[in-house]
Amino acid sequence: MQIVFQDPYASLNPRRTVRQSLSEPLRVHKAGSRQAIAQKVQRAIEEVGLPQSALDRFPHEFSGGQRQRIGIARALVLDPEIIIADEPVSALDVSVQAQILELLERLKRDRGLSFVFVSHDLGVVRHFCDTVCVMYLGRIIEQGLSGQVLDHPLHPYTRVLRDSSPLPDPKARITLTKIKGEIPAPTNLPSGCTFHPRCTRARPECALQIPALGAMSTSHSVACFYPLNADVEKRIGDSLGAA
Ligand code: SF4
């Protein structure tokens, strides 16, 4: 398992060349002779679309997108099965984001890699992820196939998140669901469902008990006593089951 960090500027050592940064994990894990390590480093830098000449340069000589490619190459050199990508494109320009996402898609396809992709950008999540877990104050409150969760959210918080994500359609009009209050301090969580002080559907019992994550269909679960779209979800679940 390897990790790609959010900030491609801070996650590379400015005093080391790209070759040194990419070789270090291989040396630490004693991944072969000096020659074998050199070959793996060369393959990794090519795989992320950078030239061999990049290996003897320093991080400040690259753009943000190129640095993120170097971060991805550093994660690839150890041949991981899973990469945790922590907001890997949020610090990049939109056009560069698309290129990095394309690269990650290709790695997913060609290497059979799995990603745990952490993001606040639901457009990116919809594009990249097969399944989604929505978290609120450290707990998973909804989980399921990306299309299901984003098109038919069951948890009121997921719906607010979804509705606050802009649509790439100038004619589209969204009715925003307002969310009241502030995020509570993680050191002083509300009782019961932690979303209850801000939830428009809250009832007295929501403050008394923590809702467990329960399946609404084979591929969609929610932690809420009074979920949205429960009837729609049941119909989708039934049709998936029948298929
Ligand atoms: S359990 Fe109650 S307070 Fe929590 S999200 Fe569901 S309806 Fe709202």
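Order of listing sets the numbers, starting from 1, for every ligand and every atom in it.
Side-chain contact between I83 and L76 is present, with at least one heavy-atom pair separated by less than 4.5 Å. Here the side chains of E24 and R74 are not in contact, with every heavy-atom distance at 4.5 Å or above.
Of the protein's non-hydrogen atoms, C199 SG, 2.4 Å is the one closest to atom 8 (Fe) of ligand 1. Among all protein heavy atoms, the one lying closest to atom 2 (Fe) of ligand 1 is C206 SG, 2.3 Å.
Not a single N/O/S atom of H196, whether from backbone or side chain, sits less than 2.8 Å from atom 6 (Fe) of ligand 1.
Taking every heavy atom of C193 and a limit of under 4.0 angstrom, the matching atoms of ligand 1 come to 1 (S), 3 (S), 4 (Fe), 5 (S). The A202 neighbourhood of ligand 1 comprises atoms 3 (S), with distances under 4.0 Å to a heavy atom of that residue. Each of the atoms 5 (S) of ligand 1 lies under 4.0 Å from some heavy atom of P156.
Paired with H220 under the rule side-chain hydrogen bond (donor to acceptor under 3.5 Å, both in side chains), one option of Q143, H152, E142 passes, and it is E142.
The cationic atom of R203 (NZ for Lys, CZ for Arg) does not lie both less than 6.0 Å from the six-membered ring centre of F225 and within 45° of the ring axis.
Residue H155 touches ligand 1 through its side chain alone, judged by heavy-atom distances below 4.0 Å. Contacts with ligand 1 closer than 4.0 Å are made by heavy atoms of both the backbone and the side chain of C224.
Remark: E102 CD is loosely packed, at most 12 non-hydrogen atoms of other residues, nucleotides or ligands lying under 6.0 Å away. Within a 6.0 Å radius of CG in L189, other residues, nucleotides and ligands contribute more than 12 heavy atoms.
Residues F195 and H155 place their aromatic rings such that the two centres sit under 6.0 Å apart.
Which of F195, Y136, Y157, F225 comes nearest to atom 1 (S) of ligand 1 through a heavy atom is settled by distance: it is F225.
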